[in-house]
Amino acid sequence: MPAQTLRERLLHAGLLIETGVEGVYGHSAAFETVLAGCNAYAGRMGAADGAEVLRFPPLLNRTVAERNRYAAAFPQLGGHVFSFDGDDDDHQRYVGKLLRGEDCSCELTMTRSVLTPAACYPVYPALAARGPLPAGGCVIDVLGECFRHEPSAETARLQSFRMREYIYLGDAGRALAFRDLWMERSAGLLRDLDLPGELAVAHDPFFGRLGARLADAQVDRKLKMELVIPIGPDARPTACMSFNCHLDHFASIWDLTQADGTVAHTACVGFGLERLTLALFSRHGLAVAAWPAGLRGALGL
């Protein structure tokens, strides 16, 4: 009998719960406890930055995603929210199609909301609405439920996931230094959590021929780096943290300016909390009580 995959082991142990949709899982209490430990660890990593805490719902104003050019760059990943907005006759037609098992998508209307694709997206318009940034810039701590439409049976390829981010907004030099500081900090995470991993140059999954050129430029300038960790015995290394230098991309879109009126630059670090949790179960086994005491202490377990 072939050995079980990590996904099969996690499902059999009840740590993951099947929903019938690829890349969408329920979680047990043990899984959530470890994930909460990863989130708390991320909070301690960023405590010295004096970040302002902001939290947003998993829905984003559709115009924000459009202005951020997400729909243009990543149309394959977006998650638009549709709802019924008809009269009685429309309702009868809609229900009839449902009962007959027919496609009823044409009976629905696109709403003003999309599923949030990245935790940092609502931050930029919120900060821009305040006016110029404070002298020296600022750091924002944000945690959000995110969605990306990439269904897969691969254990760590999730459609619904939580992302903890720290975002710097301000001077160009400080933005790059912030990104690089977090790459240095990631070595401590690998040590404390006893995880194998390394930094790798990466690019976002831009769509189409234009997207390929954007990805090449991103790689050439090393604007996106990832901390990749193997998840599963035979799995290729998977991005569990990302370190991004946006230059003035978001600031130009939202008219985010520094205290002196010049356009700001932004950078962020993101923790994929489910992926870190999966990496821990893959590395240390499914019985949390049997994990090394030092690891459990680092996670507050």
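Here the CG atom belonging to Leu169 is positioned 13.0 Å from the CZ atom belonging to Arg174, to the nearest 0.5 angstrom. With values rounded to the nearest 0.5 angstrom, Asp192 atom CG is found 9.5 Å from Leu295 atom CG. Atoms OG1 and CG, from Thr238 and Leu278 in turn, are 9.5 Å apart once rounded to the nearest 0.5 Å. Rounded to the nearest 0.5 Å, atoms CD (Glu52) and CG (Leu127) are 7.0 Å apart.
A salt bridge is absent between Arg185 and Asp180: the closest approach of a Lys/Arg side-chain nitrogen to an acidic carboxylate oxygen does not fall below 4.0 angstrom. Classification of Arg93 and Glu102 as a salt-bridged pair fails, no side-chain N sitting under 4.0 Å from a carboxylate O. Taking 4.0 Å as the cut-off between side-chain N and carboxylate O, Asp141 and Arg55 count as a salt-bridged pair. Salt bridge Glu150/Arg148: absent, no basic N to carboxylate O contact under 4.0 Å. Comment: Glu274 does not engage Arg164 in a salt bridge, judged by the lack of any side-chain N to carboxylate O separation of less than 4.0 angstrom. Between Arg283 and Asp194 there is a salt bridge, since a side-chain N of the basic residue sits under 4.0 Å from a carboxylate O of the acidic one.
No option in Phe243, Phe271, Tyr168 other than Phe271 meets the ring-ring contact (aromatic ring centres under 6.0 Å, His included) test with Trp182. No option in Trp254, Phe56, Phe250, Tyr70 other than Phe250 meets the ring-ring contact (aromatic ring centres under 6.0 Å, His included) test with Tyr124. With respect to Arg7, the salt bridge (charged side-chain N to carboxylate O under 4.0 Å, His left out) criterion is satisfied by exactly one of Glu154, Glu22, Glu18: Glu18.
Side chains of Arg179 and Met225 form a contact here, defined as non-hydrogen atoms less than 4.5 Å apart. Taking the side chain as every heavy atom from C-beta outward, Val24 and Leu158 never approach each other to under 4.5 Å. Looking at heavy atoms from C-beta onward, Leu199 lies out of side-chain contact with Glu226 at the 4.5 angstrom threshold. Looking at heavy atoms from C-beta onward, Ile17 lies out of side-chain contact with Tyr25 at the 4.5 angstrom threshold. Side-chain contact between Val53 and Leu143 is absent, with no heavy atoms from C-beta onward closer than 4.5 Å. At least one side-chain heavy atom of Pro196 sits under 4.5 Å from a side-chain heavy atom of Pro230.
Using bins of under 30°, 30° to 60° and over 60° for the plane-to-plane angle, the ring pair Phe84/Tyr94 lands in the parallel bin.
Annotation: Asp87, atom CG; neighbour count of heavy atoms from other residues, nucleotides and ligands within 6.0 Å is above 12.
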